[in-house]
Participant: 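This is the structure I have questions about; it appears just below.
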Amino acid sequence: VVTNYRRSRTKFTDDQLKILIDAFNQKPYPGYATKQRLALEINTEEARHRFQKKPECEEVSESSQSHGQGHPGKENQREARRSRTCYSATQLHTLIQAFTKDPYPGIECREQLAKEIGVPESRVQTWFQNRRSRYYTKKQKREPDESLEQNQGQDIRESKVSIEGTQNGANLSSDPLISLKPER
DNA sequence: CCCCTAACCTATTCATAAG
DNA sequence: CTTATGAATAGGTTAGGGG
């Protein structure tokens, strides 16, 4: 059951660890650009030691990366984050459909979805996290009382429906179906 | 069998494109 | 401006794999 739900555990080499720790010490909150650079640095390092086991890296492609840092006054600003990903209606449809089947997709499923809609797997993971925290897990509103909670808060974690049932190619030309409002 | 810690998770907050 | 939602952070839990 489940089988390979997680990505296999990474074993960092001493050199990689050194690079990371060193980077952390001088910048505990690296921005997107720095993280990308570190990923490359670590990977080449790895490739140098081991032949090549995982050509798979991060998606360095992505759109451009032009950080126009131009704040003369503030010298110590937070580094830029990854630019916001904009999903098309089609991509969202695919994601939402997968979500209704399984809100907790394993690495295998996420990887496939990523490939299918053409974004890095990490974006798929983030999407699911956001989706769960906003439309799945019961959200506590600011009101102290008054908002009644109906049952529903349990057994959310073991929906183990077999994925992979999707017959791809369906591609129905229908509405995006972005329903499921949280009511408020 | 146990320990370390990567991989995950939720909850909250920050940020930004769309309206 | 407000809304919707992607990205980052804090902090806790789960489980892979080496000793």
Side-chain angles (χ1 to χ4, degrees), chain A residues 1-21 23-24 27-36 38-39 42-43 46 50 53-54 56-59 62-71 74 76-96 98-99 102-111 113-114 117-144 147 149 152-160 163 176-184:
Chain A
V1 283
V2 180
T3 65
N4 277 350
Y5 228 61
R6 293 182 169 211
R7 177 189 302 280
S8 57
R9 213 184 148 100
T10 303
K11 181 58 183 166
F12 292 112
T13 65
D14 289 345
D15 330 72
Q16 291 176 319
L17 239 24
K18 183 176 187 323
I19 291 173
L20 288 173
I21 291 170
F24 180 86
K27 235 203 286 188
Y29 296 92
Y32 179 61
T34 299
K35 287 178 189 170
Q36 288 294 103
L38 284 172
I42 272 179
N43 233 308
E46 179 177 15
R50 292 131 166 43
K53 45 184 239 181
K54 275 192 189 170
E56 176 264 321
C57 179
E58 275 291 298
E59 304 302 321
E62 199 67 26
S63 45
S64 69
Q65 170 54 347
S66 61
H67 38 318
Q69 196 75 341
H71 271 290
K74 297 293 183 177
N76 228 1
Q77 207 71 351
R78 199 92 129 190
E79 196 180 339
R81 359 172 115 190
R82 168 190 281 270
S83 56
R84 195 187 167 101
T85 302
C86 289
Y87 295 108
S88 69
T90 311
Q91 290 172 317
L92 279 178
H93 180 75
T94 301
L95 288 169
I96 290 169
F99 185 86
D102 183 7
Y104 293 90
I107 181 61
E108 213 169 291
C109 184
R110 295 198 305 270
E111 213 92 56
L113 276 170
I117 66 177
V119 302
E121 182 276 333
S122 59
R123 300 308 83 213
V124 173
Q125 183 152 40
T126 295
W127 187 88
F128 271 82
Q129 281 168 1
N130 281 320
R131 183 83 182 176
R132 281 196 302 265
S133 74
R134 285 164 179 148
Y135 298 100
Y136 190 69
T137 300
K138 208 52 201 159
K139 201 166 60 153
Q140 184 78 308
K141 205 43 186 102
R142 180 159 305 195
E143 301 307 279
S147 75
E149 294 298 329
Q152 158 73 304
Q154 85 250 29
D155 75 26
I156 38 182
R157 197 60 179 281
E158 34 275 25
S159 54
K160 188 61 220 78
I163 320 105
L177 208 169
I178 309 179
S179 53
L180 231 71
K181 284 304 177 81
E183 120 226 318
R184 87 162 180 166

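In what follows, chains carry the letters A, B, and so on, assigned in the order in which the sequence lines appear, proteins first and then strands, with residues in each chain numbered from 1. Worth knowing before you read on, the calculation uses all heavy atoms, side chains too, and leaves out hydrogens, waters and symmetry mates.
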Participant: When the nearest nucleotide of DNA chain B is assigned to A:Cys86 and to A:Arg110 on a heavy-atom basis, which residue is associated with the more 5' position?
Facilitator: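 Of the two residues, A:Arg110 wins.
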Participant: List every contact pair, protein side and nucleotides 15-18 of chain C side both N or O, where the distance is under 3.5 Å.
Facilitator:
residue	atom	partner	partner atom	Å
C:dG16	N2	A:Arg9	NH1	3.2
C:dG16	N2	A:Arg9	NH2	3.1
C:dG16	N3	A:Arg9	NH1	3.4

Participant: CG of A:Leu17 versus C1' of B:dA6: gap in Å, rounded?
Facilitator: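 Whole-Å distance recorded here is 11 Å.
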Participant: Take the protein atom OH of A:Tyr135 and the nucleotide atom C1' of B:dT10, then report the distance between them rounded to whole Å.
Facilitator: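 Distance, rounded to whole Å: 17 Å.
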Participant: For the pair made of OH in A:Tyr87 and P in C:dA4, what is the distance, rounded to whole Å?
Facilitator: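 My rounded result for the distance is 19 Å.
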Participant: Quick one: A:Tyr104 OH to C:dT13 P, roughly how many Å, whole number?
Facilitator: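 Those two atoms, OH and P, are 15 Å apart.
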Participant: Send over the distance from A:Arg132 CZ to B:dA11 C1', rounded to a whole Å.
Facilitator: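 The answer, rounded to whole Å, is 12 Å.
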Participant: Quick one: closest heavy-atom pair of A:Phe128 and A:Ala98, and the distance?
Facilitator: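 Closest pair (atom of A:Phe128, atom of A:Ala98, distance): CZ-CB, 4.2 Å.
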Participant: Once you round to the nearest 0.5 Å, how far does CG of A:Leu95 lie from OG1 of A:Thr90?
Facilitator: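 Going from the CG atom of A:Leu95 to the OG1 atom of A:Thr90 covers 11.0 Å.
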Participant: Find out whether the Lys NZ or Arg CZ of A:Arg132 is both under 6.0 angstrom from the six-membered ring centre of A:Tyr136 and within 45° of the ring's axis.
Facilitator: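 No - A:Arg132 does not lie over the ring of A:Tyr136 by the 6.0 Å and 45° rule.
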Participant: At what distance, to the nearest 0.5 angstrom, does CD of A:Gln125 lie from CD of A:Glu111?
Facilitator: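 Between A:Gln125 CD and A:Glu111 CD, I get 10.0 Å after rounding to 0.5 Å.
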Participant: With respect to A:Trp127, which candidate in A:Leu92, A:Ile117, A:Leu113 satisfies the side chain to side chain contact (heavy atoms under 4.5 Å, CB included) definition?
Facilitator: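 Answer after filtering A:Leu92, A:Ile117, A:Leu113: A:Leu92.
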Participant: Taking all non-hydrogen atoms of both residues into account, name the closest pair between A:Gln16 and A:Lys11 and its distance.
Facilitator: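 Minimum heavy-atom separation between A:Gln16 and A:Lys11: OE1-O, 4.1 Å.
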Participant: What is the separation between atom CD on A:Glu121 and atom P on B:dA6, rounded to the nearest whole Å?
Facilitator: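 From A:Glu121 CD to B:dA6 P: 17 Å.
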Participant: Regarding C:dG6, can its base be found pairing with the side chain of A:Arg134 as donor and acceptor, where the two atoms are less than 3.5 Å apart?
Facilitator: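 Per atom types, the contact qualifies.
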Participant: Are any of A:Thr10's side-chain N or O atoms less than 4.0 Å away from OP1 or OP2 of B:dA7?
Facilitator: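 Checking A:Thr10 against B:dA7: at least one side-chain N or O falls below 4.0 Å of OP1 or OP2.
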Participant: Return the minimal non-hydrogen interatomic distance between A:Pro30 and A:Thr34, and the atom names on each side.
Facilitator: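 So the two residues come closest at CB-CG2, 3.6 Å.
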Participant: Which nucleotide wins on minimum distance to the side chain of A:Arg84, given the candidates B:dT13, B:dA17, B:dC9?
Facilitator: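 Ranking B:dT13, B:dA17, B:dC9 by closest atom to the A:Arg84 side chain puts B:dA17 first.
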Participant: Provide a list of protein-nucleic acid N or O atom pairs under 3.5 angstrom, restricted to nucleotides 8-11 of chain C.
Facilitator:
residue	atom	partner	partner atom	Å
C:dA8	OP1	A:Arg82	N	3.0
C:dA8	O4'	A:Arg81	NH2	3.4
C:dA10	OP1	A:Tyr29	OH	2.5

Participant: Taking all non-hydrogen atoms of both residues into account, name the closest pair between A:Pro120 and A:Ala114 and its distance.
Facilitator: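 That would be C-CB, 4.0 Å.
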Participant: Quickly work out the A:Arg131 CZ to C:dT5 P distance and round it to whole Å.
Facilitator: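 From A:Arg131 CZ to C:dT5 P: 7 Å.
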Participant: What is the separation between atom CZ on A:Phe99 and atom C1' on C:dG6, rounded to the nearest whole Å?
Facilitator: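 Rounded to whole Å, this separation is 15 Å.
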Participant: If every non-hydrogen atom of A:Arg82 is compared with every non-hydrogen atom of A:Ser122, which pair is closest and at what distance?
Facilitator: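 Distance-wise, the nearest heavy atoms are NH2-OG, 4.4 Å.
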